[in-house]
Asker: 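Following this message is one structure expressed as structure tokens.
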Amino acid sequence: MKRIVLATLCMGLFLAGCSKEEPAPLPELPKVEIPETLVGLYSGRLPCENCKARGVRMELAEDSTLLFVQTLMTDTVKVDSLRGKYSFGDGKVSVVLDDGLRLNFAVDKYGALSMLTGAGTVYLDENGMKADLIKIITAPEKKEGEVK
């Protein structure tokens with residue numbers, strides 16, 4: 001009986017000691033500034049006719065060249081690395097890859113690239129979603145030996 005009373009008393013003191021913590025307010029975080037330059041790494045999904053998904057990573061360089069890495073997912077996964085050139089004007093980015101593929105993107109106010117149709121309108125899929133490439137503000141560091 002004494003053990004039960006002692007155990008109950010200890011548990012009560014333990015719980016009372018924990019209940020006096022007051023939550024501290026979170027510190028204010030600095031605002032993220034969106035870079036004004038077009039140069040950088042972009043990542044997202046683009047439409048694909050003969051595959052289940054098409055993931056894209058596109059790196060725009062200062063000399064108007066680009067590296068376009070696409071991962072095509074069908075029954076298997078295929079990764080293609082293509083090089084090309086891009087130009088920018090009137091809020092649009094025109095991409096020409098070395099294999100002849102041409103893509104056009106509109107730059108939105110947050111720095112993302114929205115794919116355009118041949119008519120110049122923003123591409124929307126069957127669910128009404130845009131095909132965007134989001135700018136990666138802090139690009140991951142390249143590993144030694146990795147192609148740039």
Side-chain angles (χ1 to χ4, degrees), residues 7 10-148:
C10 287
M11 189 61 109
L13 290 174
F14 176 75
L15 292 175
C18 293
S19 66
K20 294 189 180 190
E21 289 184 35
E22 294 182 19
L26 295 174
E28 293 215 14
L29 297 175
K31 292 188 178 198
V32 176
E33 293 183 25
I34 298 171
E36 293 182 17
T37 179
L38 195 61
V39 173
L41 179 65
Y42 295 82
S43 183
R45 289 177 61 177
L46 295 181
C48 181
E49 291 180 19
N50 300 324
C51 61
K52 296 176 185 174
R54 179 183 181 195
V56 172
R57 188 181 79 219
M58 183 168 69
E59 188 169 355
L60 303 179
E62 292 205 24
D63 63 354
S64 295
T65 61
L66 65 92
L67 175 63
F68 187 88
V69 179
Q70 65 180 352
T71 304
L72 300 171
M73 293 176 222
T74 55
D75 294 335
T76 60
V77 176
K78 180 182 175 190
V79 178
D80 289 326
S81 294
L82 305 167
R83 297 201 177 269
K85 295 194 176 283
Y86 72 93
S87 60
F88 176 69
D90 297 327
K92 295 181 183 175
V93 177
S94 296
V95 171
V96 179
L97 299 176
D98 289 343
D99 70 348
L101 179 64
R102 294 178 179 271
L103 298 168
N104 292 308
F105 298 91
V107 180
D108 75 6
K109 64 181 178 180
Y110 299 111
L113 301 178
S114 298
M115 185 174 165
L116 299 175
T117 64
T121 60
V122 174
Y123 173 87
L124 298 174
D125 67 9
E126 62 275 358
N127 298 320
M129 299 294 292
K130 297 189 295 183
D132 284 343
L133 297 181
I134 306 299
K135 186 164 190 176
I136 308 299
I137 303 296
T138 305
E141 293 183 20
K142 296 202 181 291
K143 297 177 186 171
E144 186 176 321
E146 187 175 10
V147 176
K148 184 171 183 180

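This one's a predicted model, so the numbers in the text were calculated from it and none came from an experiment.
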Asker: If you take all heavy atoms of Leu67 and Ser81, which pair is closest and at what distance?
Answerer: CD1-CB, 4.5 Å
Asker: Please identify each residue that fulfils side chain to side chain donor-acceptor pair (under 3.5 Å) with Thr76, with sequence neighbours left out.
Answerer: none
Asker: Going by side-chain hydrogen bond (donor to acceptor under 3.5 Å, both in side chains), name the pairs with one or both residues in residues 64-73, residues two or more places apart or in two chains.
Answerer: Arg54-Gln70, Asp63-Thr65
Asker: Pairs of donor and acceptor atoms involving the side chains of residues 93-101, under 3.5 Å and at least two apart or interchain, shall be tabulated with distances.
Answerer:
{"from": "Ser94", "atom 1": "OG", "to": "Asn104", "atom 2": "OD1", "distance (Å)": "3.0"}
{"from": "Asp99", "atom 1": "OD1", "to": "Leu101", "atom 2": "N", "distance (Å)": "3.1"}

Asker: From Phe88 CZ over to Leu113 CG, what is the distance, rounded to the nearest 0.5 angstrom?
Answerer: 9.5 Å
Asker: Minimum heavy-atom separation for Ser114 to Asp132, with atom names?
Answerer: OG-OD1, 2.6 Å
Asker: Step by step, would you call Asn50 with Thr74 a side-chain contact (heavy atoms from CB on, under 4.5 Å)?
Answerer: CA-CA 8 Å; Asn50 300 324; Thr74 55; 6.0 Å; no
Asker: Going from OH on Tyr86 to CG on Leu60, what distance comes out if it is rounded to the nearest 0.5 angstrom?
Answerer: 5.0 Å
Asker: Is there a side-chain contact between Asp75 and Lys52, using heavy atoms and a 4.5 Å cut-off?
Answerer: yes
Asker: Taking C-beta and beyond as the side chain, do Leu46 and Phe105 meet within less than 4.5 Å on heavy atoms?
Answerer: yes
Asker: Just distance, no hydrogens or angles: give the donor-acceptor pairs under 3.5 Å from side chains in residues 122-131, sequence neighbours left out.
Answerer:
{"from": "Asp125", "atom 1": "OD1", "to": "Asn127", "atom 2": "N", "distance (Å)": "2.9"}
{"from": "Asp125", "atom 1": "OD1", "to": "Gly128", "atom 2": "N", "distance (Å)": "3.0"}
{"from": "Asp125", "atom 1": "OD1", "to": "Met129", "atom 2": "N", "distance (Å)": "2.8"}

Asker: Per the disulfide bond (SG atoms under 2.5 Å apart) rule, what does the pair list look like for residues 69-103, sequence neighbours excluded?
Answerer: none
Asker: On a heavy-atom basis, which atom in Met58 and which in Phe68 lie closest, and how many Å separate them?
Answerer: SD-CD1, 3.8 Å
Asker: What is the minimum heavy-atom distance between Lys135 and Thr37, and which atoms define it?
Answerer: NZ-O, 2.6 Å
Asker: What residue pairs, at least two apart or across chains, pass disulfide bond (SG atoms under 2.5 Å apart) with a residue in residues 51-127?
Answerer: Cys48-Cys51
